[in-house]
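Taking it in order: structure first as structure tokens, then the write-up.
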There are 2 protein chains.
Amino acid sequence: MLLSKSCIYGMRAALYLASSSNNKYISIKQISNDLDISPHFLTKILQELTRVDLLESQKGPTGGVRLKRAGDEVTLVEIVAAIDGMDLLTECALGLPGCGTAKPCPLHEQWADTRDEIKKMLQDTTLSDLVRKGKEGNLRITADGSFDWLPKEN
Amino acid sequence: MLLSKSCIYGMRAALYLASSSNNKYISIKQISNDLDISPHFLTKILQELTRVDLLESQKGPTGGVRLKRAGDEVTLVEIVAAIDGMDLLTECALGLPGCGTAKPCPLHEQWADTRDEIKKMLQDTTLSDLVRKGKEGNLRITADGSFDWLPKEN
DNA sequence: CATATTTAAGACCATCTTGTCTTAATTATA
DNA sequence: TATAATTAAGACAAGATGGTCTTAAATATG
């Protein structure tokens with residue numbers, strides 16, 4: 001698997017938040033309901049994103065979480081880095097420590113190129129990019145496609 | 001992590017076997033010694049590769065495992081498919097079942113391209129390709145670089 | 001044929017990831 | 001101020017992966 005489940009859930013939730021126009025606090029319970037993710041588990045994941053300042057949170061009634069920066073200023077690589085770490089984008093495909101141009105493994109060259117493609121994709125894609133695409137095509141971010149991208153207009 | 005440890009170990013062992021010119025049976029114990037991999041664990045992994053006919057094995061003294069086909073006819077994707085399965089190369093990056101051109105997720109387009117790059121890399125790289133590179137540059141397939149690519153000449 | 005060596009098979013345990021639950025702290029609001 | 005709602009924190013359970021060990025089956029060789 002490329003990304004852990006935690007990371008995937010984090011990305012889906014970030015997309016959810018980025019699709020909200022007014023950027024008000026939204027409760028994790030609502031997010032977990034709409035995205036069909038276990039609420040406690042999602043809470044733990046979003047706490048991590050709050051800790052690294054991708055989200056901000058507020059407790060109590062009317063509390064919840066929201067993006068700390070605008071969606072067009074948050075790229076996927078930041079979410080991946082926060083949850084899965086940068087290992088995928090830096091480590092050797094054969095698992096050899098210190099593998100690099102100076103001390104490569106036989107697969108290093110090929111994998112370095114491929115790895116850079118992944119990195120570029122994650123760096124070049126913002127939350128807003130995906131929200132735009134999602135709203136235009138009414139695409140799904142849940143298994144059953146129940147998420148509605150509301151509100152549709154900004 | 002892109003590939004599981006089992007898969008990485010399987011690839012390293014396959015490289016080891018492909019680097020042997022005469023393709024005689026080599027005991028798993030010797031491989032595990034030279035590559036510094038737990039012998040029992042490696043045995044289990046190589047059994048899997050034997051099961052899918054990438055390797056063939058013989059029991060008893062002078063027994064061991066060897067490549068069933070020539071190294072230039074075995075690509076990395078076969079090893080990955082045998083051990084980790086094809087999930088990495090077919091599944092949605094957001095984990096949505098049935099994600100594809102017909103019913104995409106917002107990230108589908110980008111990820112499909114990137115995924116194809118990974119696939120192409122694994123499909124285009126043969127064991128012999130890596131052995132050649134390894135012998136030419138005396139590159140390592142162990143953490144400490146102790147593997148010697150013997151014999152150097154074929 | 002007896003023995004030693006090797007793979008095959010699977011039980012078993014450790015560690016990591018995934019997921020659940022409980023309690024505490026915070027805060028809006030009646 | 002009391003209450004209810006919410007995040008924060010962390011203990012705990014379940015499941016997957018990584019790794020060890022034991023026993024059985026096969027086989028080369030003395």
Side-chain angles (χ1 to χ4, degrees), chain A residues 1-13 17 24-68 80 82-85 87-88 91 94-95 143, chain B residues 1-13 16-17 24-68 80 82-85 87-88 91 95 143:
Chain A
M1 201 174 356
L2 187 80
L3 303 173
S4 70
K5 282 213 163 191
S6 297
C7 192
I8 286 174
Y9 292 161
M11 281 181 43
R12 303 230 296 255
L17 291 170
K24 283 206 169 145
Y25 287 115
I26 300 178
S27 80
I28 298 177
K29 183 188 274 185
Q30 183 187 332
I31 304 174
S32 69
N33 274 336
D34 289 350
L35 297 186
D36 198 32
I37 300 172
S38 148
H40 284 109
F41 191 33
L42 185 60
T43 298
K44 210 157 46 167
I45 296 165
L46 297 190
Q47 274 174 22
E48 186 60 36
L49 294 183
T50 303
R51 213 169 290 133
V52 300
D53 275 338
L54 282 170
L55 304 184
E56 53 190 354
S57 65
Q58 196 188 42
K59 293 176 185 174
T62 77
V65 295
R66 67 181 179 196
L67 288 182
K68 194 150 189 181
V80 172
I83 298 177
D84 279 353
D87 284 3
L88 172 69
E91 271 191 351
L94 292 183
Chain B
M1 200 173 0
L2 187 80
L3 304 173
S4 70
K5 282 215 163 190
S6 296
C7 191
I8 287 174
Y9 291 162
M11 281 181 43
R12 302 231 296 254
Y16 182 103
L17 291 170
K24 283 206 168 145
Y25 286 114
I26 300 177
S27 79
I28 298 177
K29 183 188 275 188
Q30 183 186 331
I31 304 175
S32 70
N33 274 336
D34 289 351
L35 297 186
D36 198 32
I37 300 172
S38 148
H40 285 110
F41 191 33
L42 185 59
T43 298
K44 208 157 49 167
I45 296 165
L46 297 189
Q47 275 174 21
E48 187 60 37
L49 294 183
T50 303
R51 216 169 288 134
V52 300
D53 276 336
L54 282 170
L55 305 184
E56 54 191 352
S57 66
Q58 196 189 43
K59 294 176 184 173
T62 78
V65 294
R66 67 182 180 195
L67 287 181
K68 194 150 189 180
V80 172
I83 298 177
D84 280 352
D87 284 3
L88 173 69
E91 272 190 350

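Sequence lines set the chain letters: A, B, ... in the order given, protein chains first and strands last, and positions in each chain run from 1.
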Using heavy-atom distances to pick each residue's nearest nucleotide on DNA chain D, tell me which of A:G64 and B:Q58 is more 5'. A:G64

Considering residues, nucleotides and ligands other than A:D87, do more than 12 of their heavy atoms fall under 6.0 Å from its CG? yes

Provide, to the nearest angstrom, the distance between the CD1 atom belonging to A:I37 and the P atom belonging to C:dT20. 12 Å

Nearest-Å distance, NZ (A:K24) to C1' (C:dA28)? 14 Å

Side chain to side chain donor-acceptor pair (under 3.5 Å) contacts in which one or both residues fall within residues 40-54 of chain A, not counting sequence neighbours: A:E48-A:R51, A:D53-A:K68

What's A:I28 touching, base or sugar-phosphate or nothing? Going by heavy atoms closer than 4.0 Å. sugar-phosphate

Counting side-chain heavy atoms from CB outward, which of C:dA28, C:dT6, C:dA8 is closest to A:T62? C:dA28

Can you tell me how far C1' of C:dT7 sits from CD of B:E48, to the nearest Å? 15 Å

Over how many whole Å does the gap from A:K29 atom NZ to D:dA8 atom P extend? 16 Å

Starting at CD of A:Q30 and ending at C1' of D:dT6, how long is that distance when rounded to a whole Å? 13 Å

Length of the CG-P vector between B:L55 and C:dT7, whole Å: 11 Å

With side chain to side chain contact (heavy atoms under 4.5 Å, CB included) as the criterion, how do A:S32 and A:F41 come out once you've worked through the C-alpha distance, each side chain's angles and the decisive distance to 0.1 Å? CA-CA 9 Å; A:S32 69; A:F41 191 33; over 6 Å; no

Which residues share a side chain to side chain donor-acceptor pair (under 3.5 Å) with A:Q58, sequence neighbours left out: none

For A:S4, which residues count as a side chain to side chain donor-acceptor pair (under 3.5 Å) partner, sequence neighbours excluded? A:D84

First of A:L46 and A:P61 reached from the 5' end of DNA chain D, by closest nucleotide: A:P61

Side-chain N or O of A:S57 versus OP1/OP2 of D:dA8: is the shortest distance under 4.0 Å? yes

Under the ring pair (Phe, Tyr, Trp, His ring centres under 6.0 Å) rule, collect the residues that match up with B:Y16, sequence neighbours excluded. B:F147

Take the protein atom CD of B:E56 and the nucleotide atom C1' of C:dA8, then report the distance between them rounded to whole Å. 16 Å

d(CD, A:Q47; P, D:dA11) in whole Å: 13 Å

For nucleotides 12-25 of chain D, read 5' to 3', which letter fits each nucleotide if B means a protein heavy atom sits under 4.0 Å from the base, S means only the sugar-phosphate is that close, and - means neither? ------SBBBB--B

Residues in side chain to side chain contact (heavy atoms under 4.5 Å, CB included) contact with B:K29, at least two apart in sequence or another chain: B:S27, B:N33

